[in-house]
Structure formats: structure tokens, C-alpha cells
Amino acid sequence: MSRAPQMTPVPVVGAAALTAVPGRKRLEELVFDAARAALDVAGLERADLDAVVLSGSDELDGRSISSMLTSMPAGGLLKDTVKITDSGLHALAVSVMRILSQDTHVEIAVSWGVPSEGNPEAVERTALDPFFERHAGVIDVVATGMMLGAYLADFDRNLQEVDERATRKWAAAGVESCAVDRSFVAVPLRRGHIAPTVDAVAAVVLASPSAVKQRGLNVLGQVTGVGWAVDAHSVGAREHSSQPALQIAARHALARSGAEVTGLDAIEIEDRTVLHELLAVEAFGMAGPGQALDALADSSNIVNRYTGDGFGGLPMHCSGLWRLARLCERDDVGRVAVQNASGIAAQSHAVVVLEGANAA
Amino acid sequence: MPPKARARTGIVGVGETEYRTRHQENYVELAQRAAMNALRMAGMTPDDVDAVVYSMAPTEFMGVSDADKWAATAVGARHKPMMRVHTGGATGGSAAVIGHHHVASNLHDVVLVVGADKVSETPDAQFVLGLIWDPFYERGFGLNTVTQGALEAVRHMDMYGTTEEQMAEVAVRTWRRAKRNPNAHLSGDITVDDVINSQRLAWPLKRYDCCPRSSGAAAVVIASERVVHERGLDAAWINGTGAAGNTVYIGDRLGPNKQTDFGELDELRIAIEKAYREAGISDPVSQIDVAEAYSPFTIYEIQNVEALGFCGRGEGGPDIAAGRFDVGGEVVLNPSGGTLCSNPIAVTGLVRVCDAALQILGRAEEYQVPDVRTAVATAIGGSAQFEACLVLGSDPV
Amino acid sequence: MSSKVSEHGELLTIPEDWHLHYDYGAGPVASRFLLGLAERRFEGRRCPSCDNVWVPPRAYCERCFVPTTEWVAVGPEGVIEAATVVTLRLGDREPPYVVAFCRLDGASTCLVNYLKMPLDDPEAAQRQLARGTRVKAVFASSPESRMSAFHYELAE
């Protein structure tokens, strides 16, 4: 990043985070429900929107250009609509950049993931390098298993500690420890180390400071920093026991917000597995390398303290935007960093710093 | 109305590969080649790049999902911000607009916009394109981009009396212009009769009315005004941008209750209007020198010139046939040969921006039009659903 | 599959076929419409704000951005708004065949399907498909809950 200066905060004026029962409504209807709800919170109509930014995965949706079907329910009819495939937080970053460019004044960012309709693992296989990596089929759970093994070895931690962390995460989600599945998926990653997914949609309405003033809009929070970064595609070309791309994304977002990680009252992260949680804690600098388990053992830790443990049901593709929307529904949130990942073994990350209603 | 005080951005590097059915390189190598070409023109290296915007539409053609993630290291994005834009056929144009916003937001100084496609990696291109429609109501009807283009032509002919011969003139003139562009996939001397007698696909489209399935890559480097001045670079200034999307349902764009007609590109008009307004274009014909207009089928070129305001509604067919937009005309249309001659789907919209920028920078070599000060590029995707427009200038507004 | 000798030696291509299965949840609105096809009837949804009867039906109006509120019976006859005779093999279906967007009586928007008619002379056939030509929906003998339950034919 060439520019270190702080960015102008961008107000959030509407938000909605929904989860769906599989098979009840079609994807497009879920998108409408979220977009309509977010506009209602903002007290705005579709006509007030300057632009729509979407994020979803065609392959997961089973639609070759899924935005063709989701742009209208997101409010995009005869409006500027664009899709960013990476994640809901990347879509939000685009809305932020457009408002900062003074190109638009009111934007809606909408993201979704309906894993119940597709087969995420089959889709992941198609994302692998066809010449060198599809043969061994190193999809997300396999790569995560390898990385967990590397992490335990590199930092001399043991599997039992990871199991204990998983048990506490399930407990937070109301699941008894005896029900946790201990079978191995890719040693040493167990089924019980992996968050269950839910079908979900999120929508967030942003407005420029001048639009807020002119239209008398209610501000739910401010986006004060955005950052994102990608790592190498092949897991073989990456660090195995850390997430440099997340470190970079977090650094950019915090620098733009003018905040330090010690000034955050929560980090809301995509805890797909226990390992993802450990690596995120360390990438944010909240624990030294190999020490996240100790930081998390402290019950006053600030991980997912507002939106809850991902083991209660993790949205796919849109988890960051979904958590951010949930945060905006509250009035007790101070300064929070929200993160989500995408790609095999979290190749790509986005981080957004939000100052909530209760920010100092 | 005075322009807003917004940050200015300019295209300082352009990279293209030749557009062919097949290349020797694999997909990521193709993308890398375009990226390096663009950086070289800008006098930069990957280290100078603050962020990457990746242009990629459906990945089913080249068979690797999230192809952008596969190409990340090859285009210099490792440990940098990168995101992928996807608006179907409009992707490349949308990606250029988003790249512009990356810089205009003051968050980045130098952004690389890059992408590639290998549309011939599968023989099943039209099958893939048939998957873009609503799975409950519109799949399984042989709806694909060819029949869609055919239906647009049916409507335009019904509304304005546009003829098959006028559509054929588009092909004849575009192929002839493409002869000067060594990157063009198709080019040559064909006649109206050749087009009319070519294989019928879906009425009224015939083979020569349609684009090829091309593979290739494209890239631009967009820089902030500060970097342009600091480094003393030539720039094609991005003076106006616009985008708009329509409903996917073709059935809503027909009949008495339509908001827009499927036979016209009114959603493109919305995008163009904003771009023109920002760039201070009030008299398109006299102010614009070159238009790189996205037309994968001959009818689209007619629709584009009307939407761009170069002529009235329904006049596109006769005006093109009269040679009004040939080289030497008031506005030169697709001097590169355009999309009809090369269509590497994921980046075609970006290729339009590349070719418009090359004209402004005076780097279009054999297909350079003299004295280009203002150029416009359009991009169209989905069921003519997504549209993007950029206006470039030799001076910033 | 081909290989080509170049200065770098032999070039390979690697073959692969994808099979990706999906179970698309249709939702209550599309489900009712499609189940209606199995009963040989068409229904659209009315928007309370603009009064448009959307066919295919939507749970919400894209223009007014409010939920639609009422089912309205439409068809089974209507008019052609745009149609084309396809003569090239573009997918599974053997050409020639006609794809037509038709607006059923009572509907504000069009529903696409195949139109069956004699096609030994495609050019002549196209001339019979002008906008405004009346058509009727014809159902299969055992119609399923899919769009394949019916096709269009020119009305007498």
C-alpha cells in the first residue's frame, strides 16, 4: 500500500443479516428479503440507490453468471450493478471506494451463500490447478489438515489442546461435547474441528457523509478502514502455520482506520475451523506465533464476542458482511475488526474496521 | 455544470496479446504476458503496483473456477490486494471502472487491471452460456448468446426496419478495419453477399454476423494524477465512467409493459449518459474521435452507435452502411476490428478500453487514427443485461 | 486432444469432464407456478404498486421493490412478442426449432418456450412469427411441473 493516510469514514445507514432454511425460498427471494430489509432499516427506497455491489460464487450457486439473477432482487434494476466474486467484505470495500471517489452517495452491498444447494467440495476441486494439483485433490479440508499438522509441529502444541478448543466452541453453540465428531477428515483435522455451514444473505447500505446530512439518515456505524490481500494459489507455495495475507489485510485496514489492534473491543472472524481461528488471532497480532490457544483459553478474549461462535452455523462466502450487518443491529459495539476469507485454505482475506454506535 | 472535484486517474500502460483460437501458453502465462506488457509500457515493475483488479467472467470455458486466484502470483498480486470483477461479457469494462475507483478513492496510486480467457478450452461454449439464465423458467430453450442476439435483431428490425443487408455492412466494414490490427482474431475482405449467404444460425443471424471464440489476455495500468506527473508519464485520462444493469428476464423487455425494449440498449444509454456527463460530452459526434463499441454480433454495433448518440434511434443501420463511421469518418468505430473480430469473453470489455487508450496514447500503430483526443469504450454482458462505459481523453477534465 | 511440436518440445493438452450436480430450491412462488403447469394452468403475480402481472411470477416486483400480493390466472392463449427460427445445432436440441417469447393474455411480461410449427422452410416460417401473431399454449399429455409441460403453437 503506497498510501498510509487515514481514510474518511463511510457511514453505514442500513443493514440486514438473514439465515435461511434450505429449500424454502429460492436464492433470488432471499436476496430480495435482505436488500428490502436493509433499505427499510435505512428508511430508503430503491430509487435512492446509486449503485449495487454484489458478491457470490457462480460455481457454488450453480448459475453461470449468478449476478444476472441476483442483481434485480438486490435493487439493481436499471442501476449501476457490479459483482465482486471474492467475498461480501470485498464487495463492501468497492462500495466504500466508490463513495470515497465521490462517484456515488448511496450504495448497497449484498452477498450470499447457499451451500445447501450445491456441493462445495466438488466445486472446490474445480478451483485447483488442473496440471499439478487436481490429481492429488488438495481441497480446503485436506489443505487445512496439512496446515494444522504443520502448526502443531512448528509450535510444539498438541492435538488435545485443539480438541479442547473445539469442545468449547461447540458448547458456545449449544452442542454437547459428547456429540462432537472425532473422526478424522485429514489427519489431524477432525470433523469436529470444522464449523457447520448455514445458508445466509447479508445486505449493508452505505451513504456518503453529505448524503447522511442532506437526507437526515440515521447512522448505525462507520466503516473506518478496509484492507484485503491474496496469497499464492498453491498451498505448497505458502506459509503453513501463518496467514501473511491476513496480516497484510489487517495492517492496511487498521492503518486506514488510525486504530491499533489493542484499541479494538472485538475481532469478528471467519472461524471455518479451529485452525482458521488460531491463525486469525495470530495474524491480528493478538497472540504470538503458536500462542493463540493460550489467548483463546482466556474467557475474556474478544474473538467473535458480539456475533457469536461460527460453530453455531457459519455463513459461506458472505460471513464477514453478515457479521458486520449483525454488528450494525446493535447499539453496544465499539471498535471492531471484521474479517472473512475466500479461496482454498483461505488464500484471500478481507478486513473491515467498523466503529459502532458505542465507539468512543 | 462544473465537474466535481474528484481525483483524476489515467491509463499509463496497455498490454494485449494476440487473439486466437489457441495459444501455446497456459492460462496464467497468458494473463502474465498482458500484465507485463502493460507494466513495460508504463515503465513500471510489479513492485510498483499497489493493487490488482482481475477481469474474469464465467470460468467454465477455461475450466478452472476462481481462475483469478490461480493467476494471482503470475500477475504479481501475491501479498497484495486483489479482487475479481464479474459481470458476464461486460466484465472487462466493469473491471476498468472498478480499477479507476481503486485510485480515485485515494486508497491506491497504481492499479493493474488484468485478465485472460481461453474460450476454446472447451467445445461446449454455447452450452455454458445456456446456463446463465433462470434455472426454473428460462433454461433448456436453446437460449444462448446467439439466439439472444437473434431476438434483439428481430426486435430492432421490427421497430426500425433495419435490414439483414445493413447488418452485413457492419461485418464487411469491421473485418476490413481489423486487417490493420495484427492482434485481431478475424479480419479480411468479405462482401455483403458473403455475409448473407453464410450459414444461418438463428434468424436473422448468420455466421459472419457473429464473433469468434477467442483466447487471449489484456491489461491496463491505472495511475493517480500524482504518479502521472511525478513520473512524467503519458496518460489516457479516465474522464467519465458509467454502468447500469437491466433485468435478466428478456420477457420483461418485450411487450407494452416494458421499461426498455430488448431490441435497444437503453441500459447502455444510462451508463453512457453518466460517463458523458462527467467527461463534458454534449455533442458526441463532434467531440468523440474514436468509439470502441462492444458488439459481439453485427446488430449490437447498430444498437451501440444509436445508444452513443452518434445518430438517432433506428438510423444506425443506414448510417453504418453509408460509411459514416469508417476510418476517415466523423467518429471512427472499432478501428481495432472490435468484438466482432475478437472475443476473449472475460476480457473483451477490457480490450475495448485498451484499444481506446492506445488511440489516445498514439500507440495503436497500424490501426492508429490520427489526432485522437477523446475516445469512448463500451462493454455489454449477460443477456445484454450489464453495461459499462468509459470516456478517455488526452487531457483530464 | 492435440499436441504440437514447438521450439520447447511437445505441447500437451489434458482432458477432463466436469459433472456438477445442483438441487435448486424453487421457492413457494416458482413452485406454485410449476405445479400449476402440471394442472394445465398458468398464473402470474400482481404487484400492488404498479399493477403489473408478472409472468414468470416473482415474489417481488423488481421495479417497485415490494412483494407481489396476488395470483392472477393468465393464458392459455397469447401473442408473440419476439421469436427466432434456430437452424444451427447449439445445444442438445436438433435444429430447426423455434424459440418464442409470448405474452399470455392477462400477463404484462413474456414467457419463453419452443413453438411447434412446420419448419421445412425456415425463412418462410420466420415470416409467420411477426410480433402480434396469436398463439396458444399446448400441454403435454402428462404434463410435469417443469417448463417442458407445454409448448406454443400458432392459434388458428
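The model shown is predicted, which means the values in this text are computed figures rather than measured ones. Every heavy atom of this structure was used, including side-chain atoms; hydrogens, water molecules and symmetry mates were not. Lettering follows sequence order; numbering is per chain, from 1.
Within the 4.5 Å cutoff, no side-chain heavy atoms of A:D129 are placed close to those of B:V64. Under the 4.5 Å side-chain criterion, counting only non-hydrogen atoms from C-beta, A:K83 is not in contact with B:F386. Residues A:T126 and B:T59 are not in side-chain contact: their nearest non-hydrogen atoms beyond the backbone lie 4.5 Å or more apart. Using a 4.5 Å heavy-atom threshold, the side chains of B:K80 and A:V230 count as separate.
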TODO: Would you check, one step at a time, whether the test side-chain contact (heavy atoms from CB on, under 4.5 Å) holds for A:L100 with B:H101?
DONE: CA-CA 8 Å; A:L100 292 177; B:H101 288 125; over 6 Å; no
Task: Candidate pair B:I98 and A:R98, rule side-chain contact (heavy atoms from CB on, under 4.5 Å), full reasoning - done: CA-CA 8 Å; B:I98 297 301; A:R98 295 213 284 205; 4.1 Å; yes
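Only the side chain of A:V226 comes within less than 4.5 Å of a heavy atom in chain B; its backbone stays farther off. The part of A:I248 that comes within reach of chain B is its side chain, from C-beta onward, which places non-hydrogen atoms under 4.5 angstrom from that chain. Of the atoms belonging to B:D48, not a single heavy atom falls under 4.5 Å from chain A. For a residue to count as touching a neighbouring chain, one of its non-hydrogen atoms must lie under 4.5 Å from one of that chain's; by this rule B:T91 does not touch chain A. A:S71 touches chain B through its side chain: at least one heavy atom from C-beta onward sits under 4.5 Å away, while N, CA, C and O do not. Only the backbone of A:A237 comes within contact range of chain B, with at least one heavy atom under 4.5 Å from a heavy atom of that chain. In this structure, chain B has no heavy atom under 4.5 Å from any part of A:S234. If you measure heavy-atom distances from B:T247 to chain A, the contacts under 4.5 Å come from both the backbone and the side chain. In this structure, no portion of A:L54 lies under 4.5 Å from any heavy atom of chain B. Heavy atoms closer than 4.5 Å to chain A are found in the side chain of B:T73, but not in its backbone. Using a 4.5 Å cut-off between heavy atoms, B:A77 touches chain A through backbone and side chain atoms alike. Heavy atoms of B:D266 lying under 4.5 Å from chain A are absent altogether. There is no contact between A:R125 and chain B, counting heavy-atom distances below 4.5 Å.
For the atom pair CD (B:Q385) and OG1 (A:T81), the distance works out to 7.0 Å, reported to the nearest 0.5 Å. How far OG1 of A:T85 is from CG of B:D68: 5.0 Å, rounded to the nearest 0.5 Å. Here OG1 of B:T260 is found 8.0 Å from CG of A:L77. Values are rounded to the nearest 0.5 Å. The distance from the NE2 atom of B:H100 to the OG atom of A:S101 is 6.0 Å, given to the nearest 0.5 Å.
For the residue pair A:D86 and B:M83, the shortest heavy atom distance occurs at OD1-CA, 3.2 Å.
Of the listed residues (B:T9, B:V85, B:V49), the one with the most heavy-atom contacts under 4.5 Å to chain A is B:V85. Comparing B:M82, B:M56, B:K69 by heavy-atom pairs within less than 4.5 Å of chain A, the highest count is held by B:K69. Per-residue heavy-atom pair counts under 4.5 Å with chain B were compared for A:S55, A:S348, A:S57, A:P130, and the maximum is reached by A:P130. Contacts with chain B were tallied for A:L78, A:I84, A:I344; A:L78 has the most, counting heavy-atom pairs under 4.5 Å. Chain A forms the most heavy-atom pairs under 4.5 Å with one residue out of B:A104, B:G245, B:A244, and that residue is B:G245.
For B:E273, the CD atom is loosely surrounded, since the number of other residues' heavy atoms within 6.0 Å does not exceed 12. Atom CD of B:E29 sits in a crowded spot, with more than 12 heavy atoms from other residues, nucleotides or ligands closer than 6.0 Å.
Electrostatic pairing of A:D231 and B:R78 counts as a salt bridge here, judged by a charged N lying under 4.0 Å from a carboxylate O.
Checking side-chain atoms of B:S105 against main-chain N and O of A:M97 turns up no donor-acceptor pair under 3.5 Å.
Taking the six-membered ring for Trp and thresholds of 30 and 60 degrees, B:W70 and A:H233 have ring planes inclined between 30 and 60 degrees apart.
Aromatic ring centres of B:H79 and A:W228 lie farther apart than the 6.0 Å criterion allows.
A salt bridge (Lys or Arg N to Asp or Glu O under 4.0 Å) with B:K274 is found for one member of A:D80, A:D50, A:D103 and no other, namely A:D103.
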